Amino acid sequence: MDFRFALALALPLAIGLAAIGSGMGLGRAVGQAMEAIGRQPEAAGKIQTAMIIGAAFIEALTIYALVAFFLLQGKIA
Amino acid sequence: MGLEFITRIIKTTAVVSLVVSLCISYYFDWKIGLGFLVGAAWSLVNLFFIRTLIKEVVSPNEARKSITAVLALLKFPLLYVAGYFIVASEFFSVYALLAGFSLLFAVIVLKVLGRLILGLDVPGVRNKQPEGTA
């Protein structure tokens with residue numbers, strides 16, 4: 001198998017997996033946070049802050065994958 | 001630890017990234033320094049959009065739907081298309097970009113560690129008076 005062919009096959013799969021993982025993580029985090037806010041509305045500020053930080057960390061992983069994708073994409077052609 | 005914590009993180013990261021990028025530009029190369037600054041800006045814009053979106057959507061008042069929609073539509077083209085052009089242009093060092101992008105998370109971790117060590121989030125610890133002084 002040619003190096004470029006393998007890369008062209010693996011790159012979309014890798015970015016797709018990263019997006020799926022990130023989406024599942026974000027969905028779970030936000031869902032749990034909503035539940036927690038529903039149970040304790042007085043703690044909404046603290047929960048929101050933790051959720052925002054968590055969301056930023058989760059999304060950063062996808063952006064790292066995206067940067068790797070952009071970098072390696074140039075090697076296919 | 002309310003939403004003002006996020007604002008403090010954004011301000012701290014902006015100042016630190018500016019200082020670090022100036023140091024990098026002076027001691028190494030201005031392109032590396034600029035790449036670091038652009039990476040940090042990317043990360044800051046990302047956090048800003050996440051904060052604004054979550055604040056609008058989770059607000060107990062009725063969400064301003066038009067603003068939320070505009071923000072959601074702006075976030076992806078602005079961040080990812082701009083990111084593509086930044087990386088594809090090969091003008092900036094990718095390592096500097098990623099280091100700048102990671103700075104925000106280092107700031108978050110250090111700030112949270114500081115709060116943990118000082119016990120700022122434990123109820124009663126912050127205002128605890130030593131015995132006999134009250």
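Excluded from the calculations below are hydrogen atoms, water molecules and symmetry mates; all remaining heavy atoms, backbone and side chain alike, are included. Below, chains carry the letters A, B, ... as their sequence lines are ordered, and counting in each starts from 1. This one's a predicted model, so the numbers in the text were calculated from it and none came from an experiment.
- Around the NZ atom of B:Lys111, the shell of radius 6.0 Å holds more than 12 heavy atoms that belong to other residues, nucleotides or ligands.
- Under a hydrophobic clustering in which Ile, Leu, Val, Met, Phe, Trp and Tyr are joined whenever their side-chain heavy atoms come within less than 4.5 Å, directly or via other members, B:Val81 and A:Leu71 fall into the same cluster.
- Taking CD1 from A:Ile52 and CD1 from B:Ile54, the interatomic distance works out to 5.0 Å, rounded to the nearest 0.5 Å.
- For the atom pair CD1 of A:Ile53 and CZ of B:Arg51, the computed distance is 12.0 Å after rounding to the nearest 0.5 Å.
- Note that CD1 of A:Ile63 and CG of B:Leu79 are 6.0 Å apart. Values are rounded to the nearest 0.5 Å.
- The greatest number of non-hydrogen atom pairs below 4.5 Å with chain A, out of B:Leu47, B:Ile86, B:Val112, B:Val94, is found for B:Val94.
- Side chains of B:Leu97 and A:Val67 form no contact here, defined as non-hydrogen atoms less than 4.5 Å apart.
- B:Tyr80 is connected to A:Leu11 through a chain of hydrophobic side-chain contacts under 4.5 Å among Ile, Leu, Val, Met, Phe, Trp and Tyr, so both are in one cluster.
- Per-residue counts of heavy-atom pairs under 4.5 Å with chain B were compared for A:Pro41, A:Gly45, A:Ala55, A:Ala60; the largest is that of A:Ala60.
- A chain of hydrophobic side-chain contacts below 4.5 Å, direct or via other Ile, Leu, Val, Met, Phe, Trp or Tyr residues, connects B:Phe91 to A:Phe70.
- Heavy-atom distances place no part of B:Leu53 under 4.5 Å from chain A, backbone and side chain included.
- Contact annotation for B:Ser102: both backbone and side-chain heavy atoms come within less than 4.5 Å of a heavy atom of chain A.
- Residue B:Tyr84 places its OH atom among 12 or fewer non-hydrogen atoms of other residues, nucleotides or ligands, all under 6.0 Å distant.
- For B:Arg8, the CZ atom is densely surrounded, since the number of other residues' heavy atoms within 6.0 Å is greater than 12.
- Within a 6.0 Å radius of CE in A:Met24, other residues, nucleotides and ligands contribute 12 heavy atoms or fewer.
- Linking Ile, Leu, Val, Met, Phe, Trp and Tyr residues whenever their side-chain heavy atoms come within less than 4.5 Å places B:Val20 and B:Ile32 in a single cluster.
- Under the ring pair (Phe, Tyr, Trp, His ring centres under 6.0 Å) rule, A:Tyr64 has a single partner from B:Phe101, B:Trp42, B:Phe105, which is B:Phe101.
- For a residue to count as touching a neighbouring chain, one of its non-hydrogen atoms must lie under 4.5 Å from one of that chain's; by this rule A:Ile47 does not touch chain B.
- With rounding to the nearest 0.5 angstrom, the OG1 atom of A:Thr62 is 9.0 Å from the CG atom of B:Asn46.
- With contacts defined as side-chain heavy-atom distances shorter than 4.5 Å, the pair B:Phe49/A:Glu59 does not qualify.
- By the 4.5 Å heavy-atom criterion applied to side chains, B:Val109 and A:Phe57 are counted as neighbours.
- Nearest heavy atom pair, residue B:Ile50 against residue A:Ala56, reads CD1-CA, 3.7 Å.
- A continuous path of ILVMFWY side-chain contacts below 4.5 Å connects A:Phe3 to A:Leu72, so both sit in one hydrophobic cluster.
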